[in-house]
Amino acid sequence: MQECLEVVREKGELTDGVNAHMVAEFVVAACTGMQVYSWIVSGRKDLSERAVQMWKILLPGIATPSGATGAKVSTRRVATLVR
């Protein structure tokens, strides 16, 4: 995750001052918790929606406006990555 964030930084799409290491650790921990919670409440049926919601909340705080606009966040895309 940290490497992905550094790539985004090199493209100028990560907000100045964002600590890629801290964000990466947060995202990994949040995704782990999200998977456990999703399993408990829905047998993971709502995992894609939860992942989209997380990124919609997180992106405005870490991405430049153009980076946030260019990010493709959808349940369909997440579903292909979650398998």
Inset, instruction - Not counting sequence neighbours, list each pair that qualifies as a side chain to side chain donor-acceptor pair (under 3.5 Å) and has a residue in residues 16-31. - result: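 Those involving residues 16-31 are Gln2-His21, His21-Glu25.
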Inset, instruction - Please report the C-alpha distance between Arg50 and Val41 in whole Å, then the side-chain angles of each, then the deciding distance to 0.1 Å, and finally whether the side-chain contact (heavy atoms from CB on, under 4.5 Å) criterion is met. - result: CA-CA 12 Å; Arg50 290 181 184 282; Val41 299; 3.4 Å; yes
Under a single-linkage definition using a 4.5 Å side-chain heavy-atom cutoff for Ile, Leu, Val, Met, Phe, Trp and Tyr, are [X] and [Y] assigned to the same hydrophobic cluster?
X: Phe26; Y: Tyr37; value: no
X: Leu59; Y: Val28; value: yes
X: Val52; Y: Met1; value: yes

Could you tell me the separation between the [atom1] atom of [X] and the [atom2] atom of [Y], rounded to the nearest 0.5 Å?
X: Glu49; Y: Ser74; atom1: CD; atom2: OG; value: 11.0 Å
X: Trp39; Y: Asp46; atom1: CH2; atom2: CG; value: 12.0 Å
X: Gln35; Y: Ile40; atom1: CD; atom2: CD1; value: 12.0 Å

Inset, instruction - Say whether, by atom type as modelled, one donor and one acceptor occur between the side chain of Thr64 and the main chain of Leu14 under 3.5 angstrom. - result: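 No.
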Inset, instruction - Please lay out, stage by stage, how Glu6 and Arg9 fare under the test side-chain contact (heavy atoms from CB on, under 4.5 Å). - result: CA-CA 5 Å; Glu6 294 299 347; Arg9 182 184 309 283; 3.3 Å; yes
Legend entry - For Ala63 against Ala68, the heavy-atom pair lying closest together: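 Heavy atoms only, the tightest pair is CB-N, 3.7 Å.
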Inset, instruction - State, with a plain yes or no, whether a side-chain heavy atom of Cys31 is found less than 4.5 Å away from one of Met54. - result: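 Yes; the side chains approach each other to less than 4.5 Å.
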